[in-house]
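When a ligand or atom number is given, it counts from 1 through the structure's own listing order. Because only heavy atoms are used, hydrogens play no part in the values below, and waters and symmetry mates are left out as well, while side chains stay in.
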Amino acid sequence: MAGGEGSGGSGTRTDPGTWTNPLRDPQDKRLPRIAGPCSLVIFGVTGDLARKKLMPAVYDLANRGLLPPSFALVGFARREWTDEDFSAVVHDAVREHARTGFREEVWERLAEGFRFVQGAFDDDAAFDTLRDTLKSLDVERGTDGNHAFYLSIPPKAFPEVCEQLERSGLAAPTGDSWRRVVIEKPFGHDLESARELNSIVNNVFPESSVFRIDHYLGKETVQNILALRFANQLFDPLWSSHYVDHVQITMAEDIGLGGRAGYYDGIGAARDVIQNHLLQLMALVAMEEPISFEPKQLQAEKIKVLAATRNVLPVDENTARGQYGPGWQGSEKVPGLKEEEGFAKDSTTETFAAIALEVDSRRWAGVPFYLRTGKRLGRRVTEIALVFKRAPHLPFDQTMTEELSQNALVIRVQPDEGITLRFGSKVPGSSMEVRDVNMDFSYGTAFTEASPEAYERLILDVLLGEPSLFPVNEEVELSWRILDPVLEHWAASGSPDTYESGTWGPRSAEEMMARTGRAWRRP
Ligand code: BG6
């Protein structure tokens, strides 16, 4: 274990002999994964992410009995709040956004460990106060010197906060304790800036203490890709260029970008979600079986895929981008991006992006992976579809198979979580007419337990020191290596196409597929 990282809390990290599968459900009664004593410090505690996701997730973990009594939550921000004000803010956030029901006794026990430190990132005294606060919590609350620092702040502030943590002595663990830093994306805006950012963070925290959040990896349906592929015999023989024609990974959203100009303008859809979420999904679909679920093995397989991935050329014919114009989202008339508050009237930020990739490996040679994402599309849906080759020969009258499309295995990541297998079936009647039917697995009907929120899973893993679901440095850099040529090409080629809100993106996206004789799925 590198760089002074202490015991993980679950006691499994240092001893490979007793290694337990980190992908095990934390609710597994045989080995409840309860975090050890620690405090979680959130920088950027006044932001949307903290209010909608992080604070509710902390409460949900406490409610599920997965946080120890010696847990503390510390907010750091410029607001002139007292501990009580902070507690009231967390209370409202929990009431509004927590997944599990509100229980007064859980809340009261948790809230006793809330502290707020007021200050700016350049304020040495505030970081000294933070250090003193954490020290007193170590004694009063028994947090044992174990501290996780969650940077839910703009990346330009990372260097300063990391330096402050180092200067105030907060980055270095003492004795058996641990220190971890949690970083939210974007991890840079291209390969070069990602390298810089990584080196700044790694100057202060060893890579083993850095947890980069890609919240898609915390989703149940995403972890289930591994179960589907490696716990079953059925799918593996089909999982290659022998049978798969192409793979489509779609992350469609119906929301617009009102209120998010500060983050999104100049970033765009490809940097926002393809660089991270969609390439991670692709890596999980395309990777080989890891020799174990030990984090390094899992990461090594994803790294191999990303290193073997390249853009289908020429880039202009095999990518598409667009920006939403006005239109209708259901019965609501919605403005275009340029009319949204905070966006420049001549903004060239893309809100839709589609790219075609190939993985240079024996398994995937010649199989394109199409990745697309967009805002203000027809509906909210994330899915991964393996579209199979057509049967080499159909011994039926052609008119009887007209409505038959290619077989497909669709992993429905959200919102209707499940898996669909599409295949042809005989239409009842006296003739041999064949049509598509779906065989369906749905989480809602197969399981009684509701899925935890991604942030619950990921925050718990940080506190346990389990890095499997966090992309490492190398994955981030390889993802930028894939995306950089596309971004450079787009930057040099003017404005994105416009598409009407409520549709499935710009015409150029349809054309990109049509050129290959394929079409996007209408999920
Ligand atoms: C975030 C992106 O990472 O994921 C957002 O920055 C996007 O633009 C969000 O809306 C979607 O997350 P989810 O979990 O709702 O699919």
Side-chain angles (χ1 to χ4, degrees), residues 44 47-54 56-57 60 97 99 150-155 182-189 194 211-225 249-282 284 321-324 329 334 337 340 342-343 347 349-354 371-384 411-418 443 450-459 469-471 475-476 479-480 483 501 505 523:
D48 247 24
L49 182 76
R51 193 168 53 84
K52 291 189 181 151
K53 299 287 183 192
L54 308 184
D60 285 325
H97 299 289
R99 182 179 64 86
Y150 199 121
L151 309 193
S152 174
I153 54 177
V182 187
I183 304 181
E184 273 289 339
K185 71 182 181 60
F187 313 120
H189 59 269
F211 290 73
R212 294 175 188 80
I213 294 265
D214 183 321
H215 80 280
Y216 263 61
L217 297 181
K219 291 182 191 273
E220 281 292 325
T221 40
V222 172
Q223 290 157 43
N224 193 37
I225 298 170
I249 303 182
T250 298
M251 174 183 171
E253 294 184 282
D254 51 7
I255 50 169
L257 286 154
R260 287 192 73 201
Y263 162 73
Y264 203 91
D265 205 11
I267 294 255
R271 288 187 173 94
D272 184 36
V273 302
I274 293 186
Q275 189 274 337
N276 36 76
H277 308 328
L278 298 198
L279 282 172
Q280 284 289 322
L281 293 184
M282 189 192 90
L284 291 172
R321 67 185 167 134
Q323 187 185 79
Y324 65 81
Q329 207 82 53
V334 294
L337 183 84
E340 302 271 26
F343 283 90
S347 169
T349 301
E350 88 277 357
T351 59
F352 176 100
L371 276 48
R372 74 172 157 164
T373 183
K375 304 279 183 193
R376 285 269 186 246
L377 298 186
R379 72 184 185 95
R380 173 175 180 254
V381 59
T382 299
E383 62 159 48
I384 300 163
I411 300 169
R412 306 194 311 268
V413 174
Q414 64 185 29
D416 173 25
E417 290 91 354
Y443 275 75
S451 298
E453 275 282 326
Y455 277 96
E456 283 172 64
R457 175 63 200 261
L458 296 176
I459 290 175
L469 300 178
F470 299 84
E475 289 169 80
V476 171
S479 302
W480 282 118
L483 211 54
S501 284

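The nearest heavy-atom contact from the protein to atom 10 (O) of ligand 1 is Glu253 OE2, 2.6 Å. With respect to atom 4 (O) of ligand 1, the closest heavy atom belonging to the protein is His215 CE1, 3.4 Å. Distance from atom 3 (O) of ligand 1 to its nearest protein heavy atom, with residue and atom name: His277 NE2, 2.7 Å. Of the protein's non-hydrogen atoms, the one nearest atom 15 (O) of ligand 1 is Arg380 NH2, 3.5 Å. Scanning the protein heavy atoms around atom 5 (C) of ligand 1, the nearest turns out to be Arg260 NH1, 3.3 Å.
Under the 4.0 angstrom criterion for non-hydrogen atoms, Asp272 is in contact with ligand 1.
With rounding to the nearest 0.5 angstrom, the OG1 atom of Thr351 is 6.0 Å from the CG atom of Leu337. Distance check, rounded to the nearest 0.5 Å: CG of Leu278 to CG of Asp214 gives 9.5 Å.
Heavy-atom proximity to atom 16 (O) of ligand 1, evaluated over Tyr216, Tyr264, Tyr455, is greatest for Tyr216.
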Does the salt bridge (Lys or Arg N to Asp or Glu O under 4.0 Å) test come out yes or no for Glu383 and Arg412, once each step is laid out? CA-CA 5 Å; Glu383 62 159 48; Arg412 306 194 311 268; over 6 Å; no

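Ring pair Tyr216/His277 is parallel by interplanar angle, where below 30° counts as parallel and above 60° as perpendicular. Below 30°, between 30° and 60°, or above 60°: for Phe470 and Phe211 the angle between ring planes is above 60°, a perpendicular geometry.
With a heavy-atom cut-off of 4.0 Å, Arg271 does not touch ligand 1 at all.
Annotation for ligand 1: atoms under 4.0 Å from non-hydrogen atoms of Lys375 are 5 (C), 7 (C), 8 (O), 10 (O). Near Met251, meaning under 4.0 Å from any of its heavy atoms, are these atoms of ligand 1: 11 (C). Residue Lys185 approaches ligand 1 through these ligand atoms, each under 4.0 Å from one of its heavy atoms: 1 (C), 2 (C), 3 (O), 6 (O). Atoms of ligand 1 lying under 4.0 Å from at least one heavy atom of Lys219, given by number and element, are 13 (P), 14 (O), 16 (O).
Between the side chain of Lys185 and the main chain of Asp272, a donor-acceptor pair closer than 3.5 Å is present. A donor-acceptor contact shorter than 3.5 Å is absent between the side chain of Gln329 and the backbone of Gly256. In this structure, Arg271 contributes its side chain and His189 its backbone to a donor-acceptor pair below 3.5 Å.
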